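Here is the structure we will look at.
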Amino acid sequence: MQPQQRLLNSNEQSSRKKPSSRPSTAPSNFAHVFDENALPTKRQLLDAASCVVVAENGIRVPFGDLFREQKTVVIFIRHFWCPLCQDYMFSIANTVDPQVLKQSGINLVIISNGSYNMIRSYRQIFRTPYAVYTDPSSRIYGILGMTVKAVESKAEQRRSSYVRHSRAGGIAMVIANALRVGMPVWEKAGDPTQLGGEFVLGPGMTASYAHRMRSRSSHAPIVRVLTAAGV
C-alpha cells in the first residue's frame, strides 16, 4: 500500500458556512473540498471498502467487511495518545449500552491509525467491548474525506461537551492510563495531525450518516450518532 499524499494548501481560508479545500490524507485522485457532513459517494465507499484495517491480533481485514452485512457505527479517532479522543472514548463507554445496540441490530467499531500493538491496552483503558482496528496509512481517513489540521481557527473552536480535562489535565490522564494498563509506549500511536469523524455505514455499500471533525475536539456527540443510526 502506498503512503498517503498530504495535500497542503496554505492559501485557502476556512469558513464555518461554506465548504473549503483542506489538507487531506486522501491520495491525489481523491482530492476534494472539505464537507463536514457530506455522505460518502458510492465510489468513496467502494474504494474505502477495498482497503485493509488491522485487527488487535494483527490480522488484516478488508474495511468493507466491517459493514457489509450489518449497519455499523464507525468511529475514527485521531491517535492513541490523544487526550481529547480518550475523553470521547469515555463518553462512549458511559453512554452506549452494548445490549441496546445488539437488540437494534447495529454494530460499533473504532478505527485509529497507529500500531495494532496498541489496541489491546487501549481497549483496557475504557473496558470497551467494541472492536478496535487501525488504518496505519490513514488511507481510509483520506478517502472518506477526513483531513489533517483544523478547519476552524482557535477563536472559532468551542469546548465539546464530552471533553472533561484541560490540556494539562488531559496529558496527565493519558500518562496515568498508559501506566495503569501498560501501554507499549515504544509503538507508533498514530499521526498527531490527523482528524477523525463518525459514520454510519452498511449494510452493503451504503452510508446514512457522516460527520468529519473540524478541530481536535469536535467529535460528534455519540448520542447524535446513535440517533442517526436508529438507536
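This chain uses plain numbering: 1 for the first residue, then up along the sequence. Here the structure is a predicted model, which is why all the values come from computation and not from measurement.
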Just so I know, are the side chains of [X] and [Y] near enough to count as touching, which here means a heavy-atom distance under 4.5 Å?
| X | Y | value |
| --- | --- | --- |
| Leu195 | Met146 | no |
| Tyr116 | Pro136 | no |
| Tyr130 | Val73 | no |
| Leu101 | Leu226 | yes |
| Tyr122 | Thr134 | no |
| Leu144 | Phe76 | yes |
| Asp191 | Tyr141 | no |
| Glu56 | Val132 | no |

How close do [X] and [Y] get, counting heavy atoms only, and between which atoms?
| X | Y | answer |
| --- | --- | --- |
| Val200 | Lys71 | CG1-CG, 3.7 Å |
| Pro40 | Gln44 | CA-OE1, 3.2 Å |
| Ala38 | Ala210 | O-CB, 3.4 Å |
| Ala220 | Val225 | CB-CG2, 3.9 Å |
| Leu39 | Ala207 | CD1-O, 3.6 Å |
| Ser91 | Tyr88 | OG-O, 2.6 Å |

Does a sphere of radius 6.0 Å around CD in Gln70 hold more than 12 heavy atoms from other residues, nucleotides or ligands, not counting ones at 6.0 Å or beyond?
-> yes

For Arg123, does the CZ atom sit with more than 12 other heavy atoms under 6.0 Å from it, leaving out its own atoms?
-> yes

Roughly how far apart are [X] [atom1] and [Y] [atom2], rounded to 0.5 Å?
| X | Y | atom1 | atom2 | answer |
| --- | --- | --- | --- | --- |
| Phe126 | Gln86 | CZ | CD | 4.5 Å |
| Ile171 | Trp81 | CD1 | CH2 | 12.5 Å |
| Leu46 | Cys51 | CG | SG | 11.0 Å |
| Ile111 | Ile140 | CD1 | CD1 | 6.5 Å |
| Ile110 | Ile119 | CD1 | CD1 | 11.0 Å |
| Cys85 | Phe80 | SG | CZ | 10.5 Å |

Do Ile175 and Met183 belong to the same hydrophobic cluster, where Ile, Leu, Val, Met, Phe, Trp and Tyr are linked whenever their side-chain heavy atoms lie under 4.5 Å apart, directly or via other members?
-> no

Stepwise side chain to side chain contact (heavy atoms under 4.5 Å, CB included) test for Ile125 and Arg180 = CA-CA 8 Å; Ile125 293 173; Arg180 176 167 58 86; 3.7 Å; yes

Evaluate the criterion side chain to side chain contact (heavy atoms under 4.5 Å, CB included) for residue pair Met213 and Arg78; output intermediate values, then yes/no.
-> CA-CA 10 Å; Met213 296 176 71; Arg78 297 183 57 241; 4.0 Å; yes

Carefully, step by step, assess Met205 and Arg68 under the rule side chain to side chain contact (heavy atoms under 4.5 Å, CB included).
-> CA-CA 7 Å; Met205 296 298 112; Arg68 194 176 307 279; 4.0 Å; yes

Go through the side-chain N and O atoms of Asn113 and Gln194 and say whether any donor and acceptor fall under 3.5 Å apart.
-> no

Sidechain-backbone polar pair: Asn37 side chain, His211 backbone, donor-acceptor under 3.5 Å = no

Please say which of Val74, Asp135, Val52 ends up in a side-chain contact (heavy atoms from CB on, under 4.5 Å) with Phe63.
-> Val74

Would you sort out whether Asn117 and Glu187 count as a side chain to side chain donor-acceptor pair (under 3.5 Å), showing the intermediate values?
-> CA-CA 7 Å; Asn117 290 313; Glu187 295 285 354; 3.2 Å; yes

Where do Ile92 and Thr128 land on the side chain to side chain contact (heavy atoms under 4.5 Å, CB included) test, with the steps shown first?
-> CA-CA 9 Å; Ile92 292 174; Thr128 181; 5.7 Å; no

